[in-house]
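Keep in mind that this is a model prediction, so the values were computed, not measured. What you see below is based on every heavy atom in this structure, not just the backbone, and it leaves out hydrogens, waters and symmetry mates.
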Amino acid sequence: MNAYEATKRIYNISEELAILSKELGATVKESHRNLIEQKINILENEFFMIKHRLEKINLPAGNY
C-alpha cells in the first residue's frame with residue numbers, strides 16, 4: 001500500500017467509524033452493541049496501524 005492508498009483508507013475508516021458511532025448510539029440491544037463495538041475496535045486498530053506506518057515515512061525536502 002502506498003501513501004496515497006493509505007491516506008484514502010484512513011479517510012474511509014473515519015467515515016465508517018462515524019456511521020458505526022451513530023448506530024451504536026441508537027442501539028439498545030446488548031448483543032448488537034457488542035457487535036458494533038467489535039467492528040469499531042477493528043477499524044480503530046487498522047486506523048492506528050496505518051497512521052503509524054505513515055508517520056515513519058520521510059519525505060525529502062526540496063524545491064518542487
Side-chain angles (χ1 to χ4, degrees):
M1 175 182 305
N2 63 34
Y4 175 73
E5 292 168 343
T7 303
K8 280 178 44 176
R9 182 62 186 141
I10 283 179
Y11 179 79
N12 289 335
I13 290 171
S14 295
E15 288 183 333
E16 291 176 48
L17 286 171
I19 292 167
L20 288 172
S21 293
K22 288 180 184 177
E23 285 182 29
L24 185 62
T27 303
V28 292
K29 192 173 180 184
E30 188 65 29
S31 61
H32 195 245
R33 288 184 65 81
N34 289 337
L35 180 63
I36 294 171
E37 288 173 348
Q38 285 179 329
K39 290 179 182 180
I40 288 172
N41 288 338
I42 291 167
L43 287 171
E44 285 178 338
N45 286 336
E46 183 182 359
F47 179 94
F48 286 113
M49 183 181 69
I50 294 170
K51 177 183 172 278
H52 292 304
R53 271 194 262 156
L54 285 173
E55 287 175 340
K56 292 179 183 178
I57 296 173
N58 290 320
L59 297 176
N63 297 330
Y64 295 102

ask   = Can any side-chain N or O of Arg33 pair as donor or acceptor with the backbone N or O of Val28 at less than 3.5 Å?
value =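 Checking the backbone N and O of Val28 against the side chain of Arg33, no donor-acceptor pair under 3.5 Å is found.
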How far does [atom1] of [X] sit from [atom2] of [Y], to the nearest 0.5 angstrom?
| X | Y | atom1 | atom2 | answer |
| --- | --- | --- | --- | --- |
| Lys8 | Asn2 | NZ | CG | 9.0 Å |
| Asn41 | Leu17 | CG | CG | 10.0 Å |
| Leu43 | Phe48 | CG | CZ | 11.5 Å |
| Ile36 | Ser31 | CD1 | OG | 9.5 Å |
| Leu35 | Ile40 | CG | CD1 | 10.0 Å |

task = Evaluate the side-chain proximity of Glu15 to Asn12: yes if any heavy-atom separation is below 4.5 Å, no if none is.
result = yes
ask   = So do Ile50 and Ile13 actually touch side chain to side chain, heavy atoms under 4.5 Å?
value = yes
query = Same cluster for Ile57 and Tyr11 if Ile/Leu/Val/Met/Phe/Trp/Tyr side chains link at under 4.5 Å?
reply = no
Verify same cluster id: Met1, Ile42 (apolar side-chain graph, 4.5 Å) = no
inquiry  = Once salt bridge (Lys or Arg N to Asp or Glu O under 4.0 Å) is applied, what residue pairs with a partner in residues 37-53 remain, sequence neighbours excluded?
reply    =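 Pairs touching residues 37-53 that pass the test: Arg9-Glu46, Lys51-Glu55.
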